[in-house]
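See below for the structure under consideration.
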Amino acid sequence: MTRPVHPVAGALALLTILSFWLSTALVELFGTIPMIVLVKQAIPWGFLLLVPALAIAGGSGMALNRGRTGGLGMKKKRRMPFIAANGILILAPAAFFLAWKAGQGQLDAAFYAVQIAELLAGAVNIALLGLNMRDGLRMKGRIGNRRARRKPA
């Protein structure tokens with residue numbers, strides 16, 4: 001059960017975070033203030049999907065990597081504390097703060113300072129989760145390792 005669940009949960013988590021990031025960036029660039037408020041207030045509701053997906057991906061990843069040392073699995077495991085800390089300490093509080101500020105109609109300097117921090121932290125998590133996905137696909141042999149494809153000179 002763990003093998004098919006892990007990639008689905010991981011992909012769902014990555015796509016959810018990516019949708020938060022893209023919707024925020026696009027609405028800030030091209031949207032109206034009511035659209036910004038709508039997006040910022042919707043994102044915390046997305047945690048109802050994101051948190052279980054992350055928990056399932058993390059738990060199943062640990063189960064799949066049990067007993068292994070080194071390699072791509074350990075690289076993925078080393079990234080996870082940074083991903084989790086970024087989400088718990090920066091992204092979740094920022095999302096709730098921004099939803100509250102947007103609901104109050106206070107799109108002020110504090111709102112935009114936190115918005116910038118959220119976009120930066122979100123980009124870091126997207127990159128780290130993307131690296132984990134790439135390494136998972138390499139572990140399964142679905143994509144090749146660049147070094148393995150190079151021919152000796």
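Note that the structure is predicted; figures quoted are calculated from it, not measured.
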More than 12 heavy atoms of other groups within 6.0 Å of Leu120 CG: yes
Could you grab the distance from atom CG of Leu26 to atom CE of Met35, nearest 0.5 Å is fine? 9.5 Å
Using 0.5 Å steps for rounding, measure from the CD1 atom of Ile43 to the OG1 atom of Thr16. 11.5 Å
How long is the straight-line distance from NZ of Lys76 back to CZ of Arg134, given to the nearest 0.5 Å? 10.5 Å
Value for CD1 (Ile36) from CZ (Phe30), rounded to nearest 0.5 Å, stands at 12.0 Å
Return the set of residues passing side-chain hydrogen bond (donor to acceptor under 3.5 Å, both in side chains) with Gln106 (not counting sequence neighbours), or none when no residue passes. Lys101
Do Trp100 and Phe96 sit in the same hydrophobic cluster, where Ile, Leu, Val, Met, Phe, Trp and Tyr count as joined when their side-chain heavy atoms come under 4.5 Å apart? yes
What about Leu18 and Leu98, same hydrophobic cluster or not, with Ile/Leu/Val/Met/Phe/Trp/Tyr joined at side-chain heavy-atom distances under 4.5 Å? yes
Can you name the closest pair of heavy atoms from Ala57 and Ala9 and give their distance? N-CB, 3.7 Å
I'd like to know if Leu129 and Phe47 are part of one continuous hydrophobic network [Ile/Leu/Val/Met/Phe/Trp/Tyr, side-chain heavy atoms within less than 4.5 Å]. yes
Search all heavy atoms of Val8 against all heavy atoms of Pro4 and return the closest pair with its distance. CG2-O, 3.4 Å
Counting only heavy atoms from other residues, nucleotides and ligands, does the tally under 6.0 Å from CE of Met74 exceed 12? yes
Using the side-chain hydrogen bond (donor to acceptor under 3.5 Å, both in side chains) rule, collect all pairs that involve residues 116-126, keeping only residues at least two apart or in two chains. Lys40-Glu118, Asn86-Asn125
Taking Phe20 as the fixed residue, which of Leu50, Leu91, Leu119 is the one that meets the side chain to side chain contact (heavy atoms under 4.5 Å, CB included) rule? Leu50
Locate the shortest heavy-atom distance separating Pro93 from Gly87; write the atom from each residue and the value. CD-O, 4.1 Å
Would you call Trp21 and Thr24 a side-chain contact if the rule is heavy atoms closer than 4.5 Å? no
Testing the basics here: between Ala94 and Val114, what is the closest heavy-atom pair and its distance to 0.1 Å? CB-CG1, 3.7 Å
Are any non-hydrogen side-chain atoms of Met80 and Asn132 less than 4.5 angstrom apart? yes
Should Leu54 and Leu128 be counted in the same cluster of Ile, Leu, Val, Met, Phe, Trp and Tyr side chains packed under 4.5 Å apart? yes
Could you state whether Leu107 and Phe97 fall into the same hydrophobic cluster, counting links through intermediate Ile, Leu, Val, Met, Phe, Trp or Tyr residues with side-chain heavy atoms under 4.5 angstrom apart? yes
Taking OH in Tyr112 as the centre, count heavy atoms belonging to other residues, nucleotides or ligands within less than 6.0 Å. Is the count above 12? yes
What's the separation between atom CD1 in Ile83 and atom CD1 in Ile126, rounded to the nearest 0.5 Å? 11.5 Å
What closest approach, in Å, do Val37 and Ala102 show between heavy atoms, and which atom pair accounts for it? CG2-O, 3.6 Å
